[in-house]
Every structure is written in C-alpha cells, then in structure tokens.
Amino acid sequence: DFGLAWGGIASVQLSLPVMWTEAARRGVSLSQLCTWMGTRPAELVGLPGRGAIEAGNRADLVVFAPEETFVVDPAKLLHRNPISAYAGTQLRGAVRTTLLGGVPVDAAQPSGRLLRRGAA
C-alpha cells in the first residue's frame with residue numbers, strides 16, 4: 001500500500017520533468033514521451049479510456065511548460081518526506097496543473113480512489 005509506505009513514492013512528483021530533461025537532451029519528442037508515460041502505462045495496467053486524448057476518454061491531463069527549467073529544492077516538494085535523489089539538479093519542464101476527469105487537482109484536498117486493472 002503506497003499510502004502507508006514511509007516515504008510515499010519519493011520523487012514521483014518529478015517523474016515527468018526528469019524524463020523530459022533526458023528525452024529532450026537525446027532528441028526524443030514530447031509526443032513520444034507522452035506515449036511512454038501516458039498511453040503505454042494505461043494499456044499495461046488495463047485502464048480503458050485513459051492515456052490518450054480522444055473523444056470519450058477521461059480528461060486526465062497535465063498542463064506542462066516544456067521549456068521552463070528549475071532546480072530541485074526538496075523543501076518545495078509535496079512528498080510526505082522532503083527528500084529527493086534529484087536535490088540540486090536542474091530539470092527541464094514544469095507541471096503547472098494536473099486534471100483528473102477534467103477537474104484540477106488540489107494538493108490541499110486530496111481526492112481519488114485506488115484503481116484496479118480493468119477499472120474505468
């Protein structure tokens with residue numbers, strides 16, 4: 001149960017900027033990265049109607065500024081324990097907003113449910 005794990009999932013908040021930093025450096029497109037981090041995981045775990053922007057799919061989206069850079073400061077992270085292997089690292093790409101089902105995520109009021117394979 002990730003919710004009960006001591007550190008939660010350390011640095012998960014940084015996964016998109018970490019991946020984009022290296023993908024961009026290696027000439028990989030943002031479109032390809034979206035497939036790697038959205039479409040394929042949704043397919044792998046069996047979440048129909050997710051992982052792609054298509055008519056009828058849920059509006060699970062991220063507003064992303066791909067050219068913005070920032071230096072990781074663990075004190076500013078929203079993790080349960082403010083630690084990161086990326087502390088002091090400059091990353092490319094900043095997440096501005098996350099939408100689940102078209103509704104902006106509010107870090108102060110967590111919501112959601114555990115998804116199981118085949119759930120919509």
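Residue numbers run from 1 in the order of the sequence given. Computed from heavy atoms alone, side chains included, the values below leave out hydrogens, waters and symmetry copies.
- Contacts of S84 classified as side-chain hydrogen bond (donor to acceptor under 3.5 Å, both in side chains), with partners at least two apart in sequence or in another chain: S11.
- Residues L14 and L77 meet the side-chain proximity criterion, which asks for heavy atoms closer than 4.5 Å.
- Side-chain contact check for D60 versus L99: every heavy-atom pair is 4.5 Å or farther apart.
- A 4.5 Å side-chain heavy-atom check between V72 and L91 finds at least one atom pair inside the cut-off.
- When the side-chain hydrogen bond (donor to acceptor under 3.5 Å, both in side chains) test is applied to E67, the partners found at least two apart in sequence or on another chain are R92.
- Scanning for side chain to side chain contact (heavy atoms under 4.5 Å, CB included) contacts around P66 gives W20, L30, F64, with sequence neighbours left out.
- For E54, the salt bridge (charged side-chain N to carboxylate O under 4.0 Å, His left out) test picks out no residue, with sequence neighbours left out.
- Residues V63 and V95 fail the side-chain proximity criterion, which asks for heavy atoms closer than 4.5 Å.
- Each side chain to side chain donor-acceptor pair (under 3.5 Å) pair with one or both residues in residues 29-38, not counting sequence neighbours, would appear here, but there are none.
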Step-by-step side-chain contact (heavy atoms from CB on, under 4.5 Å) determination, L33 to L16: CA-CA 9 Å; L33 184 65; L16 181 54; 3.8 Å; yes

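- The CZ atom of R50 sits 13.5 Å away from the OG1 atom of T39 when rounded to the nearest 0.5 Å.
- Contact record, P104 with T97: CB-CG2, 4.2 Å, taken as the closest heavy-atom pair.
- Hydrophobic cluster membership is shared by M37 and V28, with clusters built from Ile, Leu, Val, Met, Phe, Trp and Tyr side chains linked at under 4.5 angstrom.
- Residue L78 is found outside any hydrophobic cluster, as its side-chain heavy atoms come under 4.5 Å of no other Ile, Leu, Val, Met, Phe, Trp or Tyr.
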Derivation and outcome, side-chain contact (heavy atoms from CB on, under 4.5 Å), residues L100 and R58: CA-CA 8 Å; L100 293 178; R58 278 180 46 103; 4.0 Å; yes

